[in-house]
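Read the numbers this way: they start at 1 and go in the same order the structure lists the ligands and their atoms.
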Amino acid sequence: MTSVTSSPVRTRFAPSPTGYLHLGGARTALFSWAFARRFGGTFILRIEDTDLERSTPEAVQAIIDGMQWLGLAHDEGPFYQMRRMDRYREVIAQMLAQGTAYYCYSSPQEVEAMRERQRAAGDKPRYDGTWRPAQDKTLPPVPADRQPVVRFCNPLDGEVTWDDVVKGPITISNQEMDDLVIARPDGTPTYNFCVVVDDWDMGITHVIRGDDHVNNTPRQINILKALGAPLPLYGHVPMILGADGEKLSKRHGAVSVMDYPAQGYLPEAMLNYLARLGWSHGDEEVFSMEQFCGWFDLDHLSKSAAQFNPEKLNWLNNHYIKLADNVRLAQLAQPLMEREGAQFTPGAPDLAAVVGLLKERANTVNDIATAALIFYRTPAPDAALVAQHVTPAITPALADFAARCGQVEWNRAALAAMIKEVLAQHQLKMPQLAMPLRLLLAGQLQTPAIDAVLELFGRENVLARLAAFVK
Ligand code: GLU
């Protein structure tokens with residue numbers, strides 16, 4: 001396999017904490033994590049928080065919460081770039097001493113003017129090298145009171161080539177690239193430089209990231225080479241698009257990973273879903289993380305953008321809900337139900353049993369919670385519906401039913417048999433009894449099978465709810 005090196009695998013997820021953990025980030029994290037798991041390697045979490053204006057502690061927490069919910073545990077870190085400033089300064093000093101970086105005193109206005117001139121001449125705008133040292137070159141006099149930036153001496157000729165494990169070989173001419181600013185006038189290092197030092201120091205062997213970073217890669221490779229650092233393998237994963245082919249955004253539904261538990265999705269469904277978004281293993285659609293970690297490789301990552309498909313996520317979530325333990329689902333559903341006024345008083349039906357009945361048809365835990373409310377709220381049936389369904393013609397059958405409820409063995413099969421007897425006795429059809437019962441017990445006409453509903457309500461609750469209507 002081309003994508004495995006002889007050294008132990010070390011991957012990283014390196015989010016910038018400027019918002020929530022979005023689906024694309026979570027998928028990158030999942031791929032990096034699974035690749036490390038597959039090869040007995042190490043997965044590192046690195047928080048790229050050097051953009052002080054946009055980074056927030058809440059966003060750091062959102063990333064950590066999202067990773068935790070998904071169960072993507074890191075082996076090392078989290079490392080925070082803001083805590084590594086001394087190290088970056090040290091490497092910058094080394095590069096200045098070795099001549100792979102230089103002080104540049106061109107003012108921002110001068111650089112802008114330079115770019116304007118180049119654009120006007122039809123050239124690609126780039127720093128013109130005024131302050132770049134060269135043999136026999138005399139640099140301009142250092143302007144007073146001006147703090148220099150530090151620029152990297154990008155090679156002037158030749159090209160950078162890497163064999164991207166997703167996209168294949170990519171070659172960029174060095175003439176396309178600027179002498180990148182690696183430290184600002186106040187000495188703080190810039191984004192691409194911190195990434196390079198970190199990937200080097202952390203011994204990263206495989207950089208798996210979104211393809212919005214593909215333009216950074218040749219710059220990072222050049223700096224790594226200048227440092228004499230080993231080069232990791234790079235894999236740039238295409239973006240996730242909405243079902244309409246547009247870049248995934250709020251318009252397409254939730255893009256923050258932590259919106260999904262709030263909407264009743266299970267982490268195993270989300271993981272399975274994300275794993276198939278841009279990666280495949282034959283026709284496998286449903287698999288555990290154990291299987292995924294046994295299979296995941298970089299050779300089967302798709303070159304084209306993946307499309308987010310909410311129906312497929314729902315289908316997977318339904319699959320995992322059906323497999324999930326009822327007590328676990330009940331614990332997830334209960335707080336949602338309490339918010340809707342559900343009362344879990346002694347004698348109320350066992351929520352795990354209710355969940356067991358409802359989960360077959362639920363796409364989300366929230367679907368279960370909504371459907372389960374009938375068991376934990378005083379029914380308030382619409383008066384017109386009651387008048388329509390609980391007619392004088394039906395009342396004797398209801399009374400008979402209630403009387404038999406006092407004696408019948410309380411299980412679904414016995415209840416079904418008893419209902420049949422009542423129907424026969426009163427010469428009624430099933431809906432003529434089931435609809436009034438649904439209305440009086442649940443307050444609505446749609447419920448699961450009436451015998452199952454009765455069983456879950458329990459004898460006491462059924463009799464209490466019928467009492468007002470059956471004298
Ligand atoms: N911090 C970058 C981001 O959040 C990722 C950088 C990288 O993976 O190299 O997009």
Side-chain angles (χ1 to χ4, degrees), residues 9-36 41-67 70 72 74 76-85 88 160 162 164-167 170 180 182 188-224 227 229-240 247-249 255-258 274 278 298 301 305:
V9 165
R10 291 175 64 84
T11 60
R12 86 310 195 270
F13 176 48
S16 304
T18 54
Y20 38 76
L21 175 60
H22 54 85
L23 292 177
R27 185 189 56 162
T28 310
L30 171 64
F31 288 169
S32 299
W33 171 85
F35 193 68
T42 304
F43 172 59
I44 294 159
L45 177 60
R46 180 167 88 216
I47 306 289
E48 303 203 322
D49 55 355
T50 55
D51 183 343
L52 293 180
E53 265 160 38
R54 296 178 60 225
S55 301
T56 64
E58 293 76 24
V60 172
Q61 197 54 48
I63 291 162
I64 291 174
D65 290 348
M67 301 278 287
L70 290 169
L72 302 180
H74 49 271
E76 289 180 18
F79 297 108
Y80 293 84
Q81 289 188 323
M82 282 311 290
R83 299 186 196 163
R84 288 180 40 80
M85 287 295 148
Y88 305 137
V160 188
W162 79 96
D164 196 279
V165 290
V166 181
K167 294 180 179 291
I170 299 182
L180 194 74
I182 59 173
T188 55
T190 56
Y191 169 73
N192 272 297
F193 182 73
C194 299
V195 172
V196 164
V197 175
D198 287 352
D199 284 342
W200 179 30
D201 283 357
M202 295 171 195
I204 302 302
T205 56
H206 296 75
V207 171
I208 303 165
R209 60 184 172 198
D211 69 0
D212 47 334
H213 288 283
V214 80
N215 289 335
N216 291 329
T217 304
R219 302 169 210 288
Q220 295 180 3
I221 289 177
N222 277 341
I223 303 175
L224 284 164
L227 290 168
L231 298 182
L233 290 174
Y234 291 90
H236 292 90
V237 184
M239 303 213 293
I240 303 177
K247 187 170 180 242
L248 192 66
S249 72
V255 278
S256 160
V257 169
M258 288 314 280
L274 289 176
L298 303 175
L301 285 170

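Of the protein's non-hydrogen atoms, Y191 OH, 2.9 Å is the one closest to atom 6 (C) of ligand 1. Nearest protein heavy-atom contact of atom 10 (O) of ligand 1 is H213 NE2, 2.8 Å. Nearest non-hydrogen protein atom to atom 4 (O) of ligand 1 is S16 N, 3.1 Å. For atom 8 (O) of ligand 1, the nearest non-hydrogen atom of the protein is R12 NH1, 2.7 Å.
With a 4.0 Å heavy-atom cut-off, ligand 1 is reached by the backbone of P15 but not by any atom from C-beta on. Of all the heavy atoms of Y234, none lies under 4.0 Å from any atom of ligand 1, so neither backbone nor side chain is involved.
Between the side chains of Q61 and D65, at least one donor N or O sits under 3.5 Å from an acceptor N or O.
A side chain to side chain contact (heavy atoms under 4.5 Å, CB included) with E76 holds for exactly one of R10, M202, R46; it is R10.
A donor-acceptor contact shorter than 3.5 Å links the side chain of R219 to the backbone of N215. Looking only at distances, a side-chain donor or acceptor of D49 sits under 3.5 Å from a matching main-chain atom of M82.
Against a heavy-atom cut-off of under 4.0 Å, R209 is close to the following atoms of ligand 1: 7 (C), 8 (O), 9 (O). Listed by atom number, the atoms of ligand 1 under 4.0 Å from A14 heavy atoms are 1 (N), 2 (C), 3 (C), 4 (O), 5 (C), 6 (C). The E48 neighbourhood of ligand 1 comprises atoms 1 (N), 2 (C), 5 (C), 6 (C), with distances under 4.0 Å to a heavy atom of that residue.
A salt bridge is absent between R12 and D198: the closest approach of a Lys/Arg side-chain nitrogen to an acidic carboxylate oxygen does not fall below 4.0 angstrom.
Other residues, nucleotides and ligands contribute only 12 or fewer heavy atoms inside 6.0 Å of the NE2 atom of H22.
Considering backbone and side-chain atoms alike, D212 places every N or O at 3.5 Å or more from each N or O of ligand 1.
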Check step by step if side-chain contact (heavy atoms from CB on, under 4.5 Å) holds for W33 and L70.
-> CA-CA 11 Å; W33 171 85; L70 290 169; over 6 Å; no
